[in-house]
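To start, the structure under review is shown below, and the notes come after it.
The basis for the numbers below is simple: all heavy atoms, side chains too, and nothing from hydrogens, waters or symmetry mates.
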2 protein chains.
Amino acid sequence: MLLDDDPAQSDRTRDALTASQLYYLQDLTMEAIAQELHTSRSSVSRLLSHARATGLVDIQIRSPLDAPSRLEQEIQARYGVTAHVVPVSDRANDVDRLERVALSVARILGQYFDSNMIMGIAWGSTMSAISRHITPKPTHNSQIVQLNGAGNMSTTGLGYASEILGRFGNAFGAHVQQFPVPAFFDDPLTRQALWRERSMARLIEMQGRMDVALFGLGSPFSEVPSHVYAGGYLDPDDFDALNRDGVVGDVATVFFRADGSTGGIPLNERGTGPDFAVLQRTPRRICVVSGNSKLPSLRGALCADLITDLFLDEGTARALVATP
Amino acid sequence: MLLDDDPAQSDRTRDALTASQLYYLQDLTMEAIAQELHTSRSSVSRLLSHARATGLVDIQIRSPLDAPSRLEQEIQARYGVTAHVVPVSDRANDVDRLERVALSVARILGQYFDSNMIMGIAWGSTMSAISRHITPKPTHNSQIVQLNGAGNMSTTGLGYASEILGRFGNAFGAHVQQFPVPAFFDDPLTRQALWRERSMARLIEMQGRMDVALFGLGSPFSEVPSHVYAGGYLDPDDFDALNRDGVVGDVATVFFRADGSTGGIPLNERGTGPDFAVLQRTPRRICVVSGNSKLPSLRGALCADLITDLFLDEGTARALVATP
DNA sequence: TCACTCCTTGCACGTATGTGCAATCCGACT
DNA sequence: AGTCGGATTGCACATACGTGCAAGGAGTGA
């Protein structure tokens, strides 16, 4: 839980609050604050870090009412999505890009999620990176729901995915709905059967009611394969099949082609991600992408109308608009 | 005007935006940002200052949903106003207190004012201090309206007060309505006559529609007399009269007694401030107080139900609740 | 074109801030 | 009571940051 029920923490929080007011609203130096609080300057430094990390201090950047960058305008015009281009040095490698885009998203995610909302989230390296940096924001009666199963041949998936889920839930004080199924069933019939279970039906119903969906993109045939493709969720036969079917990527382990279509891809019959129709009904659909290698996948996702808000690094944004 | 229409400024703003994202969202050092922006570290430092000063970067402090301090709760319970206690060292003098409370208010004022609103503001040392530090916030179609005249025997008041007004208007990109009359007429009839003028009527009508009122408190009989009492607006006879009438303070040059009453105070017939009934109809009435010497005045203003939101320094807050 | 002014830049310096480390405090369990 | 582990503190150092100053640049008017 996020709230400090611990009375010992309460003092710390109160001090952090005071320190923040003195530092950010009155421009005192940490030295001066230390005196007022009867502690050492370094403790004040730590208090302030704590205040920022817990979301007590909230730093927002507001583009002067409009003035989206040329790139953002261009993307808006061509694809009808609100783009947020994250400035990243051109010579940063893909890992850095991912990390920096994720960090930026983590810091402003609170602007999209509030009390009484349901947020669906996928899992994967992008989501993992985001989860590690979210600035907390207290909410009431809100829920985080997992979009797709995460088990594979070797584990039930309750480690990796639930760690991500947990961090989101924790940061927002939200209730977490896990999805304790494998990413792919061996037999489509198992899925059909399980989906009729009331516990599963309830969860899927909840996915249908979500207010925000947050996801990265998978891209099977790129140099940097995403988690799904490296984690033992698929075997070589599956891969070949995807290739034959013309798949360019996936969202929450639902595969799609360059034109955004998902029909006739057998693997989807065994997968556990939400039907794209469900996503399309979600009011806000936030996609986080970094690295040129995900471009084909991104194009497909845009065709499929999966995205309302797109976060991507500058290089990828440029590449996206560089084609006719 | 606040908006950068100047295309030269546009570059600077864009850079400031990028720098802010890199600094506040991605935790890069200024050194690193300097490299990405092909400039020097010190320029980045200046860019970031600029970004904060222009409200491009907005730092908010959110009390964890509730957890108002004991003092704030106590004041809320006893007087029914939302209190915001500004932490200030106990051994700060009155000037420092005023400055620090004003700074705090200036930084968060934007949370109370938005597009399409009308804000009425008084003038005086408190308002002046606030005006010098407001963090800008762009708004549309909003208005700042002066609550009371500011002329006196020696000047028309278009210097001091309009400077304050101007800074508010500038910070919010709001249209400014000045009130070009003296603080007090010599003859009540002059006021009556002038109030019938259409230009004045329009202004007074606008005061009646304001969404926010912002004011400090005057306290005639304290060690630190406020601007009204030191600036040559009143002569010794007036002072004696106020004393006899049991006046403890004023809001926008409208005087009141300890019980909040204003009736039967002759000077009010000649003054130009808004009738308290007008203030009481205003949805949000923000009062800024600092220094124990204003306590009697504050008590009166509370009795008069002039305040919905009260900002005051810690020491004054303690003194306020220290009485039965 | 030149001279003048105002604004911006980078440098250099001093101050302010972040953080590894050892000492200390605190609570818990034996 | 004793002792153990984890968290918190202050110190000291390294780094990051803000700012006066002089140099450079852009614009203006003669």
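In this view, A:Ser49 and A:Arg52 satisfy the side chain to side chain donor-acceptor pair (under 3.5 Å) rule, not counting sequence neighbours. By the side chain to side chain donor-acceptor pair (under 3.5 Å) test, A:Asp309 pairs with A:Arg284, sequence neighbours left out. Every side chain to side chain contact (heavy atoms under 4.5 Å, CB included) that A:Glu74 has, sequence neighbours left out, goes to A:Arg78, A:Val321. Every residue was checked against the ring-ring contact (aromatic ring centres under 6.0 Å, His included) condition with A:Phe215, not counting sequence neighbours, and none meets it. Listed by chain and residue number, nothing satisfies the side chain to side chain donor-acceptor pair (under 3.5 Å) test with A:Arg70 (two or more places apart in sequence, or in another chain). In this structure B:His133 satisfies the ring-ring contact (aromatic ring centres under 6.0 Å, His included) test with no other residue, sequence neighbours excluded. Listed by chain and residue number, A:Arg107 satisfy the side chain to side chain donor-acceptor pair (under 3.5 Å) test with B:Asp27 (two or more places apart in sequence, or in another chain).
If you measure from atom CD1 of A:Ile33 to atom P of C:dG18, you get 11 Å, rounded to the nearest angstrom. For the pair A:Tyr24 OH and C:dA16 C1', the computed distance is 13 Å after rounding to whole Å. Taking atom CG of A:Leu47 as the reference point, atom P of D:dG10 lies 10 Å away to the nearest angstrom. Atom CG of A:Leu37 and atom C1' of D:dT9 are 14 Å apart (whole Å).
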Pairwise N/O distances under 3.5 Å, protein to nucleotides 16-23 of chain D:
unit_1	atom_1	unit_2	atom_2	d
D:dC17	OP1	B:Tyr23	OH	3.0
D:dC17	OP2	B:Met30	N	3.0
D:dG18	OP2	B:Ser45	OG	2.7
D:dG18	O6	B:Arg41	NH2	2.7

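The pair B:Lys137-B:Asp114 meets the salt-bridge criterion, since a charged nitrogen lies less than 4.0 angstrom from a carboxylate oxygen.
In the helix from C:dT1-D:dA30 to C:dT30-D:dA1, the rotation axis of the first five pairs and that of the last five pairs differ in direction by 30°, rounded to 10 degrees.
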